[in-house]
Structures are given as C-alpha cells and as structure tokens.
Amino acid sequence: MTEVKELLLSRIRDVADYPEPGVMFKDITPLLADPAAFAALTDALADIAVRSGATKIVGLEARGFILGAPVAVRAGLGFIPVRKAGKLPGATLSQAYDLEYGSAEIEVHAEDLSAGDRVLVVDDVLATGGTAEAALHLIRRAGAEVAGVSVLMELGFLGGRARLESALVGAPLESLILV
C-alpha cells in the first residue's frame, strides 16, 4: 500500500493561493489524467468497498462521482449519486447541513437506498466533514446501513474526522492519504 500512496501523492499537485490567498489547494486532476494512478486509486477504494461488505457506493457531488462510479463498477456494486438540492427529478430525500459560512442541502432519490443496503460513501477529500456527515444521516433516513466512509485524502488539520465520529456510529473512516 505504501507504493500506491506514493504514486497517488506524486500525482496530486499543490496550487498555492487557490481559491483564495493562503489556501494550498490539492489538485487531483493530474492523478485522474494518469491511467496507472487512477487505476491504482480505483483498486484501493474498491478493495475497501469489498472489505466493508458494501452493497452500494454513494458518491458525493461532484468529485465523489468521478471516484465513486469506477469504484462501484470495479467492486461489482451499484452507484448512487448524492446531489446538491434541486438537481434530481422525482421523489427525493433531502438533508440540510451547516457550512463554515451558511448552509447547504443534499438529496438522493428516495427509491435508490433501502433497508438491507450497506452503503460506503466515497469522496475525494475529507475537509470539515459537513457534506459527509449529512450524507450519513441521509443514508440512515433512507433505511440503509452505513458501511463506512472512504476518501482519497483527509485534510486532518480541518477536523473532519472528529466531526464525523458520532455520525459514523462505529463505521470505519478510511483515508488513503492524510495531509
């Protein structure tokens, strides 16, 4: 796994002062553009999905779609997009949550998750944990079980892991890279 982490880290580009001065943005587009690195990432996340006993993958808008869909295919699981409010047609379940400055809302199709589903949440980055926390509440409200959360990169200094602890209710949080 050390080799995979080194490969992934080598393909993540630091962009200083983006989107605002003082922020060091972690750009994963070079990783996605490298087929070997993208395949290694997909394999690592699919392995977590299989080990967790997941039956479905939830990807969080938007980069969670890019990572979660191939993970679902590789692991032989269904993929469920969790979208920003107002983006899904038909009956949805929604969950509001607080951001650093304001609030947001996410939705999932009501029929896509049900009792008996074990759901792994996949995303690119765990920062403050607000979106992931809301997704965990949404999954449980749909009657499904949380198999865990898996991310490419965890920004430890932002405290997302601590925020998610109570919402995980003992389910694992696995990050491939800790920054």
Side-chain angles (χ1 to χ4, degrees), residues 1 4 8 28 32 38-99 103-155 159-178:
M1 191 61 166
V4 171
L8 299 177
I28 68 166
L32 299 174
F38 195 13
L41 172 59
T42 301
D43 288 344
L45 293 173
D47 180 58
I48 292 168
V50 169
R51 282 190 286 111
S52 75
T55 60
K56 292 189 178 162
I57 301 292
V58 153
L60 304 180
E61 190 165 337
R63 289 181 299 257
F65 298 173
I66 296 168
L67 302 185
V71 167
V73 170
R74 184 73 48 91
L77 306 173
F79 176 77
I80 311 298
V82 169
R83 305 280 326 257
K84 294 176 183 171
K87 300 288 185 178
L88 292 172
T92 61
L93 293 174
S94 64
Q95 181 71 43
Y97 62 101
D98 291 328
L99 298 168
S103 62
E105 190 173 3
I106 55 174
E107 295 180 331
V108 66
H109 275 131
E111 71 274 5
D112 287 346
L113 296 172
S114 60
D117 285 328
R118 280 186 49 82
V119 182
L120 179 69
V121 176
V122 172
D123 205 4
D124 65 329
V125 173
L126 175 63
T128 63
T131 307
E133 179 184 38
L136 296 176
H137 292 303
L138 197 56
I139 290 163
R140 288 196 178 95
R141 284 186 41 232
E145 182 182 346
V146 173
V149 174
S150 185
V151 296
L152 163 61
M153 190 174 7
E154 178 180 347
L155 306 179
R161 182 174 290 268
R163 178 175 183 170
L164 283 183
E165 191 172 313
S166 65
L168 283 165
V169 190
L173 166 58
E174 296 190 52
S175 51
L176 299 178
I177 298 168
L178 177 61

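Starting from 1, each residue takes its place in the sequence as its number.
Pairs of residues two or more places apart, or lying in two chains, that qualify as side-chain hydrogen bond (donor to acceptor under 3.5 Å, both in side chains) and include a residue from residues 63-73 are Arg63-Asp124. For residues 161-171, the pairs satisfying side-chain hydrogen bond (donor to acceptor under 3.5 Å, both in side chains) are Glu133-Arg163, Glu154-Arg161, with sequence neighbours left out. Annotation: salt bridge (Lys or Arg N to Asp or Glu O under 4.0 Å) contacts involving residues 44-55, sequence neighbours excluded, comprise Asp47-Arg51, Arg51-Glu174.
Here the side chains of Val149 and Leu126 are not in contact, with every heavy-atom distance at 4.5 Å or above. Residues Leu176 and Ile48 meet the side-chain proximity criterion, which asks for heavy atoms closer than 4.5 Å. Two residues are said to be in side-chain contact when any heavy atoms from C-beta on lie closer than 4.5 Å; Val151 and Leu67 fail this criterion. In this structure, Leu113 and Val119 have side chains that are in contact, with non-hydrogen atoms separated by less than 4.5 Å. Residues Val121 and Val146 form no side-chain contact, since every pair of their non-hydrogen atoms from C-beta on lies 4.5 Å or further apart.
Rounding to the nearest 0.5 Å gives a distance of 10.0 Å between CD1 of Ile28 and CD1 of Ile177. Here the straight-line distance linking atom OG1 of Thr42 with atom CG of Leu152 works out to 10.5 Å at 0.5 Å rounding. The CZ atom of Phe38 sits 5.0 Å away from the CG atom of Leu32 when rounded to the nearest 0.5 Å.
The pair Arg83-Glu107 fails the salt-bridge criterion, with no side-chain N (NZ, NE, NH1 or NH2) lying under 4.0 Å from an Asp/Glu carboxylate O.
Residues passing the salt bridge (charged side-chain N to carboxylate O under 4.0 Å, His left out) test with Glu111: none are found, sequence neighbours excluded. For Ala54, the side-chain contact (heavy atoms from CB on, under 4.5 Å) partners at least two apart in sequence or on another chain are Ser52, Leu77, Leu120, Ala147. For Asp123, there are no salt bridge (charged side-chain N to carboxylate O under 4.0 Å, His left out) partners two or more places apart in sequence or in a different chain. Taking Asp112 as the reference, nothing meets the salt bridge (charged side-chain N to carboxylate O under 4.0 Å, His left out) condition, with sequence neighbours excluded.
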**Request:** Test side-chain contact (heavy atoms from CB on, under 4.5 Å) on Val108 and Val58 and set out the steps.
**Result:** CA-CA 9 Å; Val108 66; Val58 153; 5.7 Å; no
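The heavy-atom pair separating Gly116 from Thr55 by the smallest distance is O-OG1, 4.3 Å. The nearest pair of heavy atoms linking Phe65 to Pro70 is O-CD, 4.2 Å. Closest approach of Leu60 and Ala135 over heavy atoms only: CD2-CB, 3.6 Å. Across all their heavy atoms, Phe79 and Ala72 have their closest contact at CB-CB, 3.8 Å. Shortest non-hydrogen contact noted between Gly68 and Ile57 is O-CG2, 3.8 Å.
Ser150 places no side-chain N or O within donor-acceptor distance of the main-chain N or O of Val122, the cut-off being under 3.5 Å.
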Can you list, pair by pair, the side-chain donor-acceptor contacts under 3.5 Å of residues 85-99, counting residues two or more places apart and other chains?
{"residue": "Ser94", "atom": "OG", "partner": "Glu105", "partner atom": "OE2", "Å": "2.9"}
{"residue": "Gln95", "atom": "OE1", "partner": "Arg141", "partner atom": "NH1", "Å": "3.1"}
{"residue": "Tyr97", "atom": "OH", "partner": "Thr131", "partner atom": "OG1", "Å": "3.0"}

